[in-house]
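For reference, the structure is listed below as structure tokens.
Atoms within a ligand are numbered from 1 in the order they appear, just like the ligands themselves.
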Amino acid sequence: MSSSLADKSVEPSEEEDEPLTGDEYATYLDELGDAWEVVDDHHLEATYEFDDFADALAFTNEVGELAEAEWHHPDLHLSWGEVGVEMWSHDIGGLHESDFVMAARMDRIYGGYTGE
Ligand SMILES: C[C@H](O)[C@H](O)[C@H]1CNC2=NC(N)=NC(=O)C2=N1
């Protein structure tokens, strides 16, 4: 998990952008933590584990603040001890570099809960 992807700016997709293909997103995916997978060549999916609900909620709130700041939003599913994340670019119906940057930023936030 390199820090370089998380240091990139979140440049939103443009309507005319084509979703990334498997060959195009492979190197981005390699830079993400093991929790991430691409589903149906359409979206990134991860489940982050926590000790309790309070930490899962705090992580959810931090990711929410990131999403609002970058104006690029994941789907979040908050449960006791877990947060499920789905990330894709709705306006192009698939994956864009910005989704992988957001995922890398989420990995960096998660590191604050695991001490990594
Ligand atoms: C209306 C609003 O600007 C759009 O929905 C923005 C906001 N957040 C977004 N988030 C994501 N993941 N994809 C988008 O296309 C997107 N577009």
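Taking the side chain as every heavy atom from C-beta outward, Val63 and Leu76 approach each other to under 4.5 Å.
Among all non-hydrogen protein atoms, the one lying nearest atom 13 (N) of ligand 1 is His90 N, 3.1 Å. Of all protein heavy atoms, the one closest to atom 4 (C) of ligand 1 is Trp71 NE1, 4.2 Å. The protein heavy-atom contact nearest to atom 16 (C) of ligand 1 is His72 ND1, 4.4 Å. Protein heavy atom nearest atom 10 (N) of ligand 1, with residue, atom name and distance: His73 N, 3.0 Å. Counting only heavy atoms of the protein, atom 15 (O) of ligand 1 lies nearest to Asp91 N, 3.0 Å.
Under 3.5 Å, the side chains of Thr21 and Glu24 contain a donor-acceptor pair of N or O atoms. Using a 3.5 Å distance cut-off with no hydrogens or angles, the side chains of Asp107 and Tyr48 do pair a donor with an acceptor. Residues Glu68 and His73 have side chains that bring a donor and an acceptor to within less than 3.5 angstrom of each other.
Considering both main-chain and side-chain atoms, Trp88 comes within under 3.5 Å of ligand 1 through a nitrogen or oxygen pair.
At a 4.0 Å cut-off, not a single heavy atom of Met102 sits close enough to ligand 1 to count as contact.
The contact set between ligand 1 and Met87, taken as ligand atoms under 4.0 Å from a residue heavy atom, comprises 12 (N).
Ring orientation note: the planes of Phe50 and Phe59 are tilted relative to one another, at an angle of 30° to 60°.
Annotation for His90 and Asp75: closest pair NE2-OD1, 4.2 Å, computed over non-hydrogen atoms.
To the nearest 0.5 Å, atom CZ of residue Arg105 and atom CG of residue Asp7 are 7.5 Å apart.
For atom 6 (C) of ligand 1, the protein comes within 4.0 Å by at least one heavy atom.
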